[in-house]
2 protein chains.
Amino acid sequence: MAAGKPRTRIQQKNNAAILEAALEVFSAHGFRGATLDQIARAAGLSKPNLLYYFASKEAIHVALLGALLDNWLDPLRALDARGDPVEEIVGYVMRKLDMARAMPRESRLFANEIVQGAPRILDKIKGPLKTLVDEKAVLIRGWAGAGRIAAVDPYHLIFSIWATTQHYADFDVQVRGILAPAGEAHFADAATFLSHLYRRALATP
Amino acid sequence: MAAGKPRTRIQQKNNAAILEAALEVFSAHGFRGATLDQIARAAGLSKPNLLYYFASKEAIHVALLGALLDNWLDPLRALDARGDPVEEIVGYVMRKLDMARAMPRESRLFANEIVQGAPRILDKIKGPLKTLVDEKAVLIRGWAGAGRIAAVDPYHLIFSIWATTQHYADFDVQVRGILAPAGEAHFADAATFLSHLYRRALATP
DNA sequence: CGTGTTCCTGACCGTTTGGTCAAACTCTTT
DNA sequence: AAAGAGTTTGACCAAACGGTCAGGAACACG
């Protein structure tokens with residue numbers, strides 16, 4: 001079983017194939033809605049073979065979430081105290097929007113998990129995620145205190161950025177349904193709008 | 001069976017109890033994650049009795065979504081061409097935020113459905129919802145054209161309002177996890193922030 | 001080549017799930 | 001009070017599900 005890191009080439013390949021397949025299936029149907037058979041088929045393996053690599057369905061899910069959470073937070077981590085405040089935050093919005101476009105499955109995976117109460121990653125939310133957000137909130141509050149951006153609540157600013165950007169991944173079906181048949185380039189329009197929104201909101205008078 | 005509208009008092013009572021129970025269970029676990037036994041228990045009925053009132057699990061879900069969609073769109077419908085543009089839009093944001101606080105289960109029900117591809121309400125999204133949004137988009141675009149608000153894409157403005165407000169219902173666990181132990185009054189803070197955000201974004205120079 | 005380890009599979013199992021059904025109970029109506 | 005419609009239930013079913021297991025196939029290595 002793959003408790004630690006994969007050791008052989010076959011383990012590496014199959015482990016990756018399983019996580020890729022699990023991302024596809026879990027993000028589309030949620031934890032409960034996904035089945036081991038679906039994941040196995042998507043990974044090109046038999047069900048017992050799946051369970052040779054991962055002890056259980058839940059183990060796959062946990063491994064997947066753990067492997068992705070770090071990358072998911074990279075854009076926020078990159079928020080730089082030395083840069084221009086407005087440009088830093090708008091840049092963060094753009095990076096987050098780009099992730100929603102390039103990695104919608106990852107976004108939906110987290111959305112599914114959190115909407116249903118985050119039973120499997122609540123500790124990571126209250127731990128590493130909260131720590132990171134707290135840290136960046138201090139930074140943003142500092143910018144506001146120094147008069148370099150408008151005085152806004154840093155936590156709700158971050159929440160709004162998450163909400164507006166991830167919306168294009170999580171609610172993709174709705175967005176397309178309303179914009180259709182026009183708007184195939186709706187990510188570009190979203191970037192324009194969000195850039196305007198946050199520049200205006202953060203500008204100092 | 002309750003194909004049409006309920007006729008007897010018992011039917012009225014049980015129908016309502018079932019929809020209330022279904023809202024509770026579906027919103028917390030998603031369609032696939034919810035079981036008929038759970039719903040039946042929450043409604044105080046036996047499982048076969050549930051199926052006396054609704055033909056199937058899916059029928060309950062569809063009935064629930066249909067019954068709620070109208071109320072869900074009321075705040076947007078109330079957007080009034082005769083009012084002050086900025087106040088109308090900010091008022092819409094506040095009403096939507098208040099719904100997220102007062103009706104989080106309804107919000108999560110829709111979130112669950114749409115994240116997983118909206119298999120059961122895609123037609124309503126492309127139909128009545130799109131029609132309503134198109135109509136309000138014309139109104140907002142008119143305001144922008146007349147220079148009464150800043151020139152913004154009305155569709156992405158509406159998307160951002162949905163995203164930022166529903167975020168507090170759909171991602172409630174995450175919000176609380178990050179704000180804890182402080183911030184029990186986080187809806188008031190959210191209102192302040194969003195009011196600032198949209199006033200700034202829409203103000204004319 | 002042989003041998004031990006890793007990898008893979010078909011058959012199987014217990015449980016849960018959505019759904020059925022005949023029979024019984026209850027309420028309303030005359 | 002009797003009939004008939006409306007309501008409820010326990011027992012049951014087939015399918016799907018997560019997971020197990022004994023053994024066989026493929027591979028690495030001396």
Side-chain angles (χ1 to χ4, degrees), chain A residues 1-65 112-113 116 119-120, chain B residues 1-65 112-113 116 119-120:
Chain A
M1 300 99 178
K5 287 288 158 187
R7 308 198 163 274
T8 75
R9 261 166 295 158
I10 295 182
Q11 271 176 31
Q12 263 180 43
K13 195 193 66 173
N14 284 347
N15 238 298
I18 291 170
L19 290 179
E20 159 66 25
L23 173 59
E24 186 72 25
V25 177
F26 279 135
S27 68
H29 306 290
F31 180 77
R32 189 60 154 56
T35 71
L36 288 178
D37 290 279
Q38 272 180 303
I39 299 172
R41 205 180 318 129
L45 300 174
S46 67
K47 188 170 62 168
N49 204 10
L50 251 200
L51 294 163
Y52 171 74
Y53 288 97
F54 288 90
S56 66
K57 182 184 180 181
E58 179 143 357
I60 302 177
H61 198 244
V62 170
L64 190 59
L65 287 168
N112 262 308
E113 181 69 6
Q116 299 186 11
R120 278 166 276 272
Chain B
M1 301 101 179
K5 286 290 158 189
R7 307 195 167 277
T8 76
R9 263 167 294 158
I10 295 181
Q11 272 176 29
Q12 263 178 45
K13 195 193 64 172
N14 284 347
N15 238 298
I18 291 171
L19 291 180
E20 159 66 25
L23 173 60
E24 186 72 25
V25 177
F26 279 135
S27 68
H29 306 290
F31 179 77
R32 187 62 151 58
T35 71
L36 287 178
D37 289 279
Q38 273 180 302
I39 299 172
R41 204 180 320 127
L45 300 174
S46 66
K47 188 169 62 169
N49 205 9
L50 251 200
L51 293 164
Y52 171 74
Y53 289 96
F54 289 90
S56 67
K57 183 185 181 181
E58 179 144 357
I60 301 176
H61 199 243
V62 169
L64 189 59
L65 287 169
N112 262 309
E113 179 70 6
Q116 298 186 12
R120 277 166 277 272

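Below, chain A is the first sequence line, B the second, and so on; all start at residue 1.
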Open item on the list: Tell me the interatomic distance from A/Asn15, atom CG, to C/dC7, atom C1', rounded to whole angstroms.
Closed with: 13 Å

Task: Minimal non-hydrogen separation, A/Leu50 against A/Leu36, with atom names - done: CD1-O, 3.6 Å

Open item on the list: What range of DNA chain D does chain B touch, first nucleotide to last, counting atoms under 4.0 Å from its heavy atoms?
Closed with: D/dG6 to D/dC17

- [ ] Whole angstrom is fine here: how far is it from CG in A/Asp37 over to P in C/dT9?
- [x] 14 Å

Open item on the list: Test of understanding: with side-chain contact (heavy atoms from CB on, under 4.5 Å), list the residues that count as partners of B/Arg41, not counting sequence neighbours.
Closed with: B/Asp37

TODO: Starting from P on C/dT6, measure out to OH on A/Tyr53 and report it in whole angstrom.
DONE: 11 Å

- [ ] Search all heavy atoms of B/Leu64 against all heavy atoms of B/Ala22 and return the closest pair with its distance.
- [x] CD2-C, 3.8 Å

Task: Straight-line distance of B/Leu65 CG to B/Asn112 CG, nearest 0.5 Å - done: 10.5 Å

TODO: Quick one: pull up CG in A/Asn15 and CD in A/Glu20 and give me the separation to the nearest 0.5 Å.
DONE: 13.0 Å

Open item on the list: Any base atoms under 4.0 Å from B/Ala40, or only sugar-phosphate, or nothing? Heavy atoms, all strands.
Closed with: nothing

Open item on the list: Just N and O in the side chain of A/Asn49: are any of them under 4.0 Å from OP1 or OP2 of C/dT9?
Closed with: yes

Task: Under 4.0 angstrom between A/Asn14 side-chain N/O and C/dC8 OP1 or OP2 - done: yes

- [ ] Answer yes or no: does a side-chain N or O of A/Tyr52 lie under 4.0 Å from OP1 or OP2 of C/dC7?
- [x] yes

Open item on the list: Rounded to whole Å, please give me the gap between CG in A/Leu50 and P in C/dC7.
Closed with: 15 Å

- [ ] Specify the closest pair of heavy atoms between B/Ala63 and B/Leu19, including all atoms of both residues, with the distance to one decimal.
- [x] CB-CD2, 4.3 Å

Task: 5' precedence on DNA chain D between B/Lys13 and A/Ala34 (nearest-nucleotide basis) - done: B/Lys13

Open item on the list: Restricting to non-hydrogen atoms, name the atom on A/Ala43 and the atom on A/Ala17 that form the minimum distance, rounded to 0.1 Å.
Closed with: CB-O, 3.8 Å

Open item on the list: Which residue is it: A/Gln38, A/Lys57, A/Arg32, A/Glu113? I am looking for the one with a side chain to side chain contact (heavy atoms under 4.5 Å, CB included) to A/Phe26.
Closed with: A/Lys57

Task: B/Phe31/B/Ile60 under side chain to side chain contact (heavy atoms under 4.5 Å, CB included): CA gap, chis, key distance, verdict - done: CA-CA 10 Å; B/Phe31 179 77; B/Ile60 301 176; over 6 Å; no

Task: Letter per nucleotide, 5' to 3', of nucleotides 19-30 of chain C [B base touched, S only sugar-phosphate touched, - untouched; heavy atoms, 4.0 Å] - done: BBB------S--

Task: Options C/dT17, C/dT9, C/dC7, nucleotide nearest the side-chain atoms of A/Ser46 - done: C/dT9

